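Below is one structure; the comments refer to it alone.
None of these values were measured; they are calculated from a predicted model. Residue numbering restarts at 1 for every chain, and letters A, B, ... go by the order of the sequence lines.
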Number of protein chains: 2
Amino acid sequence: MATSAAKPDARSKLLDAALTVIRTKGYASTTVDELCAAAGVTKGAFFHHFKTKDELGVAAADYWSETTGAMFAAAPYHQLADPLDRFLAYIDFRKGLLQGGVPEFTCLVGTMVQETYETAPAIRDACDRSISRHAATLIADIEAAMAERGMTPAWTAQSLALHTQAVLQGAFILAKAKGGAGVAADSVDHLKRYIELLFGRTPKSIT
Amino acid sequence: MATSAAKPDARSKLLDAALTVIRTKGYASTTVDELCAAAGVTKGAFFHHFKTKDELGVAAADYWSETTGAMFAAAPYHQLADPLDRFLAYIDFRKGLLQGGVPEFTCLVGTMVQETYETAPAIRDACDRSISRHAATLIADIEAAMAERGMTPAWTAQSLALHTQAVLQGAFILAKAKGGAGVAADSVDHLKRYIELLFGRTPKSIT
DNA sequence: GACGACGTACCGACTAGTTGGTATGTGTTG
DNA sequence: CAACACATACCAACTAGTCGGTACGTCGTC
């Protein structure tokens, strides 16, 4: 169910399974046996590819970075000419991803880092890398939008890029608490409105 | 160490311990034995007061609501005359709480709901109540600020109150990933700037 | 003397990780 | 090309320890 089609090896089947199972149950509550069952492999295969459960955690975070990174790289918002348009379209794109069940649209590394930041530094670092690298893909557009307007604000492009990630992560938590994507979408709307106001564009909403 | 002073009974010692231990290690990784050790009570006492570990989880979320609720109710930002000033001072107050180690300023229910939203509905509901009730304490001020300005925007006071919670929760995740309060403070700054822009107040930052 | 608030001792189920082994290549060398 | 050496991928059963939960005893108080 959670495994891809072709004829993937045990390692990638386990990583695919990890994405869905961990996002559903959390990292600590996910057992190795459960992962193996979801991937359709044996425990021996698990420990052949990963020395420990934590090593799978790191690998899963890296794998998450790769797959989502490729997905965002291929997304249509890059085709827009204006950098601010691209940034805003990125946010629309993120909002559009809020479909299906909560485990399907929430973020693996945001989930994992909450449980492991004090107990598994390697996983925390992998999660940090994943978030920070993704945020970094936004910085160039933000800086270009700032430069176009001759802005020299008190905040940096990086801090705004990270703020967008914070809003998304927080929106996921609200979605988990309330059991639906609705609150998350509302929060993303507020984020978009902020950016429009920040760059002097009038939001659609009437004040 | 984590227990309060007076002469508390085992139940409140366990709840106090739960706040710090769960925020540090997460809910699933926190064992009953560990909780008992941190509270200085025995396992018998634990299961005398709580039928199951999950029942403690629910009680801990409720306890979190009570203690933080009392703390926010007593906070100085309520004394300001203008509703928007109160709202903005609330945000400053939240920023001021970002002190000490990450486990000390992060949110119990935000942590717990991530791990339990699919597996323990009772805990999820308790976390939702906690977040939603806290957000609700902001709604009156937001609505008053809107009314004062004759605003009829596309967003609701409730959605803005929830958005502030989303930003804070997301800021906590970034703080956990990066190991410090700095990123969280930056995100709260962005949140404050949004609200100032939204209500037509010029932020301090030069654009 | 009964009842609530604990403490002590323990159990069964589960969990991360191990062990020893098989199947299938992949070079390499006579 | 055949035979050997060696590596990789994987499997099934097992282990040592952990975890949530239980059974039952004890102490103090009304």
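Note on B/Asp128 versus A/Lys176: no salt bridge recorded, every NZ/NE/NH1/NH2 to OD/OE distance being 4.0 Å or above. Of the charged side-chain nitrogens involved, none lies within less than 4.0 Å of a carboxylate oxygen, so that B/Lys25 and A/Glu115 do not count as a salt-bridged pair. We find that B/Asp85 and B/Arg201 are joined by a salt bridge, their nearest charged nitrogen and carboxylate oxygen being less than 4.0 Å apart.
When each of A/Leu14, A/Leu108, A/Thr68, A/Asp16 is checked for a side chain to side chain contact (heavy atoms under 4.5 Å, CB included) with A/Tyr63, only A/Asp16 meets the rule.
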Would you list the protein and nucleotides 25-30 of chain D atom pairs, both N or O, that sit under 3.5 Å from each other?
none

Please determine whether side-chain contact (heavy atoms from CB on, under 4.5 Å) holds for the pair A/Phe72 and A/Thr137, giving the CA-CA distance in whole Å, both sets of side-chain angles, and the decisive distance to 0.1 Å. CA-CA 9 Å; A/Phe72 285 114; A/Thr137 65; over 6 Å; no

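Residue B/Thr31 is in sugar-phosphate contact alone, with no base atom involved, counting any heavy-atom pair closer than 4.0 Å across all strands shown. Nucleic acid contact for B/Ser29: none, since no nucleic acid atom lies under 4.0 Å from a heavy atom of the residue.
A heavy atom closer than 4.0 Å to some atom of DNA chain C occurs in A/Phe47, A/Thr52, A/Lys53, these being the qualifying members of residues 46-58 of chain A.
Per the geometry, CZ belonging to B/Arg11 stands 16 Å off P belonging to C/dG4, to the nearest Å. Between the CG atom of B/Asp33 and the P atom of D/dG17 there is a distance of 16 Å, given to the nearest Å. To the nearest angstrom, P of D/dC10 lies 15 Å from CG of A/Leu35. As rounded to whole Å, 10 Å separates atom C1' of C/dA16 from atom OH of A/Tyr27. Distance A/Glu34 CD to C/dA16 C1': 14 Å, rounded to the nearest Å.
With rounding to the nearest 0.5 angstrom, the CG atom of A/Leu97 is 11.5 Å from the OG1 atom of A/Thr106. Taken from CZ in B/Arg94 to CZ in B/Phe105, the straight-line distance is 11.0 Å, to the nearest 0.5 Å. The structure places OG1 of A/Thr116 at 8.0 Å from CG of A/Asp54, a figure rounded to the nearest 0.5 Å.
A donor-acceptor contact under 3.5 Å links the side chain of A/Lys43 to the base of C/dG17.
Taking the six-membered ring where the residue is Trp, A/Tyr90 and A/His134 present tilted rings, their angle falling between 30° and 60°.
Considering only the side chain of A/Val32, C/dA16 comes nearest among C/dT8, C/dA16, D/dC11.
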